[in-house]
Amino acid sequence: MRGGEGLTGKNLGIVLCVEKPARMSRLQSRVFSVVGILGVVGWLLYGVGCGPTCRTALDCAGGQVCIEGKCVVDTKPDGSETNNPDIPPIEPNTDGTGSETTPTEPLPEGVLPEPTPETPTADKPVKGDLFINEVLFDPPDDLAGDANKDGKRDATQDDFVEIVNHTDKSLDVTGVVLKVNDAVLFTLPSAVLPARTALVIFGGGMTGDNEVGTGKGHSKFSGALVYRASSGLVTDPRTLGLFDANGQELDTFAYGQGDCLSGTAVNQSLTRSPEAPAGLCTRHTRASSSGLLFSPGTRADGTLFKDPPVETSSEMTDGGEPSSEQPLLPKPAAGDLVINEVLFDPPTGTTGDANKDGTTSATQDEFVEIVNISAQKLDLSGIVLTVSGSDKFTFPAGIAIEPRGVVVIFGGGMVGDNQINTGMPHPKFSGAMVFTASIPLTNGGAVIALKDGTGTSIASFAYGASTSCNVGDDINQSVTLFPETKGACAKHSEVASGTLFSPGTRIDGRLFSDPDPEPIAEPIAEPPADGGNEPQPEPQPEVTPEPVGALPAAGDILINEVLADPSTTSDVNKDGTISSTQDEFVEIVNVSGKTLDLSGVKLLVGTTLKHTFPKGLAMASGKAIVIFSGGMAADPQVNTGMPHSNFGNALVYVASIALVLSNSGATVNLQNATGITIDSFAYTAAAPCNGANDQSVNRSPDLTPATCTQHSTMTGAVGAYSPGTKADGTPF
């Protein structure tokens with residue numbers, strides 16, 4: 001201490017702010033205790049002790065300031081260092097006084113800050129505010145089905161239900177319940193769903209995902225809220241219900257019938273189209289412009305629900321601005337559509353495989369064929385097919401039929417066929433749209449009708465004993481209007497040269513869009529205005545389309561090879577499936593030396609029509625065509641009229657009706673469009689033309705008329721058959 005300065009409480013407290021020695025005598029300990037008491041008294045008197053030595057500069061000696069509880073030498077006027085290099089210089093206050101500014105003190109413990117204004121409470125949803133937009137109950141196979149993005153595909157955990165808030169306000173969804181057939185699947189915890197956003201409830205999985213169940217937008221699902229239930233959905237028909245916390249219904253979504261299918265072969269989600277409460281249920285690939293199989297958290301096209309819909313048309317409005325809406329198509333009225341052909345009694349055996357799925361079924365091969373006979377494209381959305389007053393199929397949203405276009409609705413089957421129920425042209429049925437639905441047609445009779453959204457009938461077809469179509473109940477073929485679309489009901493074989501049905505085409509295999517032949521009217525000469533002195537222009541002949549080649553005559557085309565008995569170990573048509581029926585084939589070759597127009601040329605087995613070549617098909621000289629009995633559903637080079645790389649660049653077609661070539665013998669015939677036989681090929685069950693020996697029978701040598709032998713016995717033959725090439729494997 002300084003000279004003359006007595007022992008004050010302040011400096012006594014400072015002096016005594018030392019650590020008690022670890023070892024001391026009893027006397028030392030007593031002295032230390034007494035001094036400590038004095039230090040406490042000093043601290044109480046002056047507020048100084050073992051804590052800070054100062055609180056302001058008044059507690060320090062002259063020339064010192066109080067910084068962080070310690071007295072230090074003040075900064076020199078020239079700004080040089082203080083006596084504590086770790087302490088920054090004191091900046092003068094802006095008011096120029098040089099006095100210290102009191103820092104903002106933290107709130108004392110236990111004192112709460114002033115409350116901030118509360119966020120307004122979100123509204124509770126009412127009916128119409130929320131809707132179930134998308135449902136996945138059959139995830140695609142392999143990783144394509146990893147809908148919840150947890151790295152694996154699971155048949156139940158990747159199931160999901162998507163719920164959308166389509167209002168312009170946030171909704172408090174706390175306690176909202178999702179039910180499946182009245183059984184609770186999931187109850188939402190405390191959460192607010194922002195305006196025009198979605199929440200997704202998955203069947204499970206996503207272990208370790210810390211964004212699930214938080215009530216905050218999930219980064220993997222475009223900001224949708226994501227939750228997981230303890231179980232997934234089932235494939236059988238179900239009704240999903242959305243209810244508020246008080247049990248009031250908010251929305252429902254049913255699947256399992258019509259285009260809103262059930263089953264284990266959907267391999268994609270079902271979604272509303274358009275994506276709004278009134279949208280109709282349809283397959284996701286039909287609603288998605290990019291072919292997505294599902295889109296949890298977004299629209300089918302991947303856009304956000306809060307974004308404006310993508311413009312779908314660039315047509316101009318009256319003001320010259322592009323319109324964002326497609327022009328509305330007209331709905332069909334009475335007389336626009338015709339039910340043209342009905343198959344209620346499919347033939348037995350492979351001949352009855354009307355839907356071409358490789359299996360004959362008494363119910364699944366039944367069909368109804370519908371033709372648009374109007375001159376305009378029609379919107380079929382919501383049109384209902386009824387059988388004897390019972391609804392059997394409803395066209396989904398977005399389905400339109402072109403003028404002279406065709407729709408065929410089969411009774412079922414066709415599992416794995418990715419061209420059905422899409423609204424796209426099906427190549428197996430000459431470009432007709434193909435759908436499947438349970439439409440049991442009794443042989444005894446029924447009334448089939450098409451009805452609009454008001455229940456008004458717009459087309460009907462009646463068959464049975466009490467109708468004008470009394471054709472019997474065991475006919476093993478279809479009944480059809482003849483002439484097509486406007487005539488009377490008749491058995492198909494009686495008006496179509498023996499063929500039993502023709503879904504998607506006319507009875508002769510031509511398209512409904514092909515023009516009917518019209519007689520050329522003689523020009524009528526009008527008298528000249530002056531009574532006969534004025535010369536008249538010569539009448540101009542009508543322009544007819546040029547044929548693509550010469551029309552074939554007898555001897556121009558040769559049936560060169562026939563396979564009636566495919567081996568059980570060989571995939572002859574190379575479609576990945578060995579089939580004793582679909583791998584059958586007939587090979588024909590143009591031996592005329594000129595290009596031929598095969599429009600309307602028919603292939604028959606006996607007297608039964610099996611295939612009619614499409615209009616405009618050209619066959620170059622020396623080239624081959626192979627007609628397989630079936631299969632090849634995913635082969636993009638089939639039925640195109642283009643050379644096929646797998647068959648020596650021959651043209652390859654699949655027969656409209658399965659060939660059904662008997663191993664014991666048959667006669668294969670080719671007829672031109674007028675019914676004249678061009679060539680015939682007969683085989684038997686005996687040598688040398690034995691059709692029942694796991695190999696084809698062939699002209700020998702190739703292209704030699706009136707000859708036949710087994711393929712393997714031919715000189716240089718490669719294998720048991722050679723569709724599209726010569727027997728030795730070289731191209732024609």
Side-chain angles (χ1 to χ4, degrees), residues 347 349-353 476-477 492-494 496-502 507-509 552-566 572 580-592 596 598 600-613 619 624-630 653-711 713-714 720-723 727:
T350 55
T351 306
D353 182 21
N476 294 302
Q477 60 183 294
H492 196 280
S493 64
E494 294 177 353
S497 303
T499 57
L500 302 180
F501 42 74
S502 56
I507 57 176
D508 60 2
D556 285 345
I557 299 175
L558 192 70
I559 301 173
N560 187 64
E561 184 179 359
V562 175
L563 177 61
D565 184 27
V572 184
S580 62
T581 56
Q582 295 180 352
D583 286 318
E584 295 177 346
F585 71 81
V586 173
E587 175 191 80
I588 65 175
V589 181
N590 177 1
V591 295
S592 70
L596 297 175
L598 297 192
V601 171
K602 301 175 179 65
L603 175 70
L604 301 91
V605 176
T607 60
T608 302
L609 180 64
K610 297 297 184 179
H611 187 73
T612 302
F613 288 109
M619 186 181 190
I625 292 180
V626 183
I627 303 100
F628 283 101
S629 185
Y653 285 83
V654 172
S656 302
I657 300 174
L659 298 176
V660 194
L661 297 169
S662 172
N663 293 1
S664 60
T667 300
V668 182
N669 297 300
L670 280 175
Q671 294 181 353
N672 65 16
T674 63
I676 297 174
T677 298
I678 303 171
D679 191 36
S680 294
F681 186 114
Y683 65 93
T684 66
C689 195
N690 182 1
N693 209 8
D694 290 343
Q695 60 183 299
S696 68
V697 287
N698 208 99
R699 303 291 189 186
S700 182
D702 282 306
L703 308 181
T704 304
T707 59
C708 178
T709 190
Q710 291 188 331
H711 192 278
T713 66
M714 297 177 65
Y721 43 78
S722 56

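Quick note: numbers below take in every heavy atom, side chains included, and nothing from hydrogens, waters or symmetry partners. As the structure is a prediction and not an experimental result, all values here were calculated from the model.
- With sequence neighbours excluded, the residues satisfying side chain to side chain donor-acceptor pair (under 3.5 Å) with Y721 are S570.
- N590 and S592 are linked by a side-chain donor-acceptor pair at a separation below 3.5 angstrom, with hydrogens and angles left out of the test.
- With sequence neighbours left out, the side chain to side chain donor-acceptor pair (under 3.5 Å) criterion links T684 to no other residue.
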*Check the pair T499 / T612 against side-chain contact (heavy atoms from CB on, under 4.5 Å), numbers first and verdict last.*
CA-CA 11 Å; T499 57; T612 302; over 6 Å; no
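- A donor-acceptor contact closer than 3.5 angstrom is absent between the side chains of N698 and S696.
- Partners of S680 according to the side chain to side chain donor-acceptor pair (under 3.5 Å) rule, which considers only residues two or more places apart in sequence or in another chain, are N669.
- Here the CZ-OG distance, from F501 to S493, works out to 11.5 Å after rounding to the nearest 0.5 Å.
- For residues 685-694, the set of pairs meeting the salt bridge (Lys or Arg N to Asp or Glu O under 4.0 Å) definition, not counting sequence neighbours, is empty.
- For T704, the side chain to side chain donor-acceptor pair (under 3.5 Å) criterion is met by no residue, not counting sequence neighbours.
- Closest approach of I507 and H492 over heavy atoms only: CG2-NE2, 3.5 Å.
- Considering only heavy atoms from C-beta on, L603 comes within 4.5 Å of L670 through its side chain.
- F613 and Y653 have perpendicular rings, their planes meeting at more than 60° on a 0 to 90° scale where under 30° would count as parallel.
- For residues 671-689, the set of pairs meeting the salt bridge (Lys or Arg N to Asp or Glu O under 4.0 Å) definition, not counting sequence neighbours, comprises D679-R699.
- A donor-acceptor contact closer than 3.5 angstrom is absent between the side chains of N693 and D565.
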